[in-house]
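These numbers were taken from a predicted model, which means no experiment stands behind them. Every chain is numbered from 1, with letters handed out A, B, ... down the list of sequences.
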There are 2 protein chains.
Amino acid sequence: MTTGKKLIVAASALLDSGGEEAVTLRAVAHASGISHNAPYKHFKSRDALLAAVATADFVALTEAFKAVHQRRANASGKLMQALKVVVDFSVQHPARYRLLFNDPAIAAQKGELEQTAIAAFAEFLAIVMECQAAGTLPDAPNTTIAGLLFATMHGLIALEANGRMHPEKGLHGVENGLEVLIQLLAPVISS
Amino acid sequence: MTTGKKLIVAASALLDSGGEEAVTLRAVAHASGISHNAPYKHFKSRDALLAAVATADFVALTEAFKAVHQRRANASGKLMQALKVVVDFSVQHPARYRLLFNDPAIAAQKGELEQTAIAAFAEFLAIVMECQAAGTLPDAPNTTIAGLLFATMHGLIALEANGRMHPEKGLHGVENGLEVLIQLLAPVISS
DNA sequence: ACCTGAACACCGTTCAAGT
DNA sequence: ACCTGAACACCGTTCAAGT
């Protein structure tokens, strides 16, 4: 494994075990068996390394969406599965999820990261369009509906991760919220 | 003005002008005219100071919701106005908005911060219930609908702030997305 | 090309001491 | 009670030097 790849893996592991604050270049370098400033030969800065982690995760997400899309199942089922892929990722890798969708310093990076993010959304969009063709999602512009669904999922994840919005029960769990939304949206087209 | 209050104001100003990374205790102390370590006599840590900023903003948000709720207007209009209050805050004070709903280190703080957050949501919930009574929102559990609306708004804000989800047009602006959602939800009850 | 050790400027936080 | 100066352990980043 190349040193650059080793640094990405080490940074990912540190994100999983200790959150973003645990990802110091010194810790990443030490975990990769090199001196504390050697990472600068592979990445321009700490943010560039984190962007590389995010890029790798966007690529993996795109692959996962593609796999769901190619499954033999009804469109609505695939949509829920695609959303569940992201929800599961956010639960198992919260710090890395935040890097993808909640980090302004990382999001500011253009180039490869931006391209992989767009590719991931495009694959999600394809599943949404299949739902629209099947008549289980409203006939509004596809990017609008896809954006709304993704935003709602993201909002539910963020608010749950932040512990907000549980004064009582009612909204127990992200998946429940998404199911309610999709059920509420579905009948619209039959009216 | 008490020194503690002065520190909160200085921290808020630094958040607005330079983002969270600009809020060093040294800069806050200097702006407040005290030595770099004097803040520790007023706040247990940097996170405790940021939590105090968030608490003050939650209180202000609660007051704004209350003012909207008491207005003489139709329920749907008040709902959009309440959402707009938050959207505007996120645009004018992005770093402080992130502190309220996107910061795990701050969210972990219990106590007064948690109480004011719950109070703000309760006031938002009251507006949602008015919409349900007026028949412009579905009759699902009120906290579920309120949670969905707030989560969608939050997700749209976060994704727009992160520059994600604009491969083309379609979802131009947070308010447009919210209007589409509310319109899609409204007809459900008449079916 | 890739790595190393030393150094710089910055932090959050602690502590002994002053008034 | 409130403040101060000095200090500690940590960072990201840079640089001259080695192989």
Side-chain angles (χ1 to χ4, degrees), chain A residues 1-55 95-96 98-99 102-111 113, chain B residues 1-55 95-96 98-99 102-111 113:
Chain A
M1 186 157 54
T2 168
T3 305
K5 183 73 186 157
K6 245 193 276 191
L7 289 167
I8 293 177
V9 170
S12 297
L14 282 166
L15 280 166
D16 285 341
S17 62
E20 185 180 330
E21 64 181 14
V23 186
T24 67
L25 283 184
R26 283 161 152 90
V28 173
H30 183 258
S32 303
I34 58 181
S35 75
H36 76 279
N37 47 2
Y40 284 95
K41 306 300 170 177
H42 304 270
F43 297 98
K44 188 166 63 25
S45 66
R46 177 178 181 272
D47 276 356
L49 171 58
L50 290 177
V53 173
T55 299
R96 282 157 65 187
R98 287 178 52 77
L99 216 55
N102 257 344
D103 197 311
I106 301 304
Q109 240 116 341
K110 295 286 177 187
L113 174 58
Chain B
M1 184 158 53
T2 167
T3 305
K5 183 75 187 157
K6 245 193 278 190
L7 290 167
I8 292 176
V9 170
S12 297
L14 282 167
L15 280 166
D16 285 341
S17 61
E20 186 179 329
E21 62 180 16
V23 186
T24 68
L25 283 183
R26 282 161 153 91
V28 173
H30 183 257
S32 304
I34 58 180
S35 74
H36 76 279
N37 47 3
Y40 285 95
K41 305 300 171 180
H42 304 270
F43 297 98
K44 187 165 63 29
S45 66
R46 177 179 181 272
D47 276 356
L49 171 57
L50 290 177
V53 173
T55 299
R96 280 157 67 186
R98 286 178 54 75
L99 216 55
N102 257 345
D103 198 311
I106 301 303
Q109 241 115 336
K110 296 288 176 183
L113 173 58

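For the atom pair B:F43 CZ and B:I8 CD1, the distance stands at 4.0 Å (nearest 0.5 Å). Atom-to-atom distance recorded for B:T2:OG1 and B:H42:NE2 is 6.5 Å, nearest 0.5 angstrom. In this structure, B:L14 CG and B:H30 NE2 are separated by 11.5 Å, a value rounded to the nearest 0.5 Å. Within the model, atoms CD of B:E20 and CG of B:N102 stand 11.0 Å from one another, a figure rounded to the nearest 0.5 Å. Between A:R98 atom CZ and A:L50 atom CG the span is 12.5 Å, to the nearest 0.5 Å. The structure places NZ of B:K41 at 11.0 Å from CD1 of B:I34, a figure rounded to the nearest 0.5 Å.
A close approach under 4.0 Å does occur between a side-chain nitrogen or oxygen of B:T3 and OP1 or OP2 of D:dC3.
Residue B:V53 is tested with B:L113, B:V23, B:L15, B:L7 for a side chain to side chain contact (heavy atoms under 4.5 Å, CB included); the sole match is B:L15.
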Produce a footprint string for nucleotides 6-19 of chain D: one letter per nucleotide, 5' end first; B if the base is under 4.0 Å from any protein heavy atom, S if only the sugar-phosphate is, - if neither. BB---BBBBB----

Per-nucleotide pairing state of DNA chain D [Watson-Crick or G-U, under 3.5 Å; [ ] pseudoknot-crossing; | other strand]: ||.|||||...|||||.||

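Partners of A:S35 by side-chain hydrogen bond (donor to acceptor under 3.5 Å, both in side chains), not counting sequence neighbours, listed by chain and number: A:N37.
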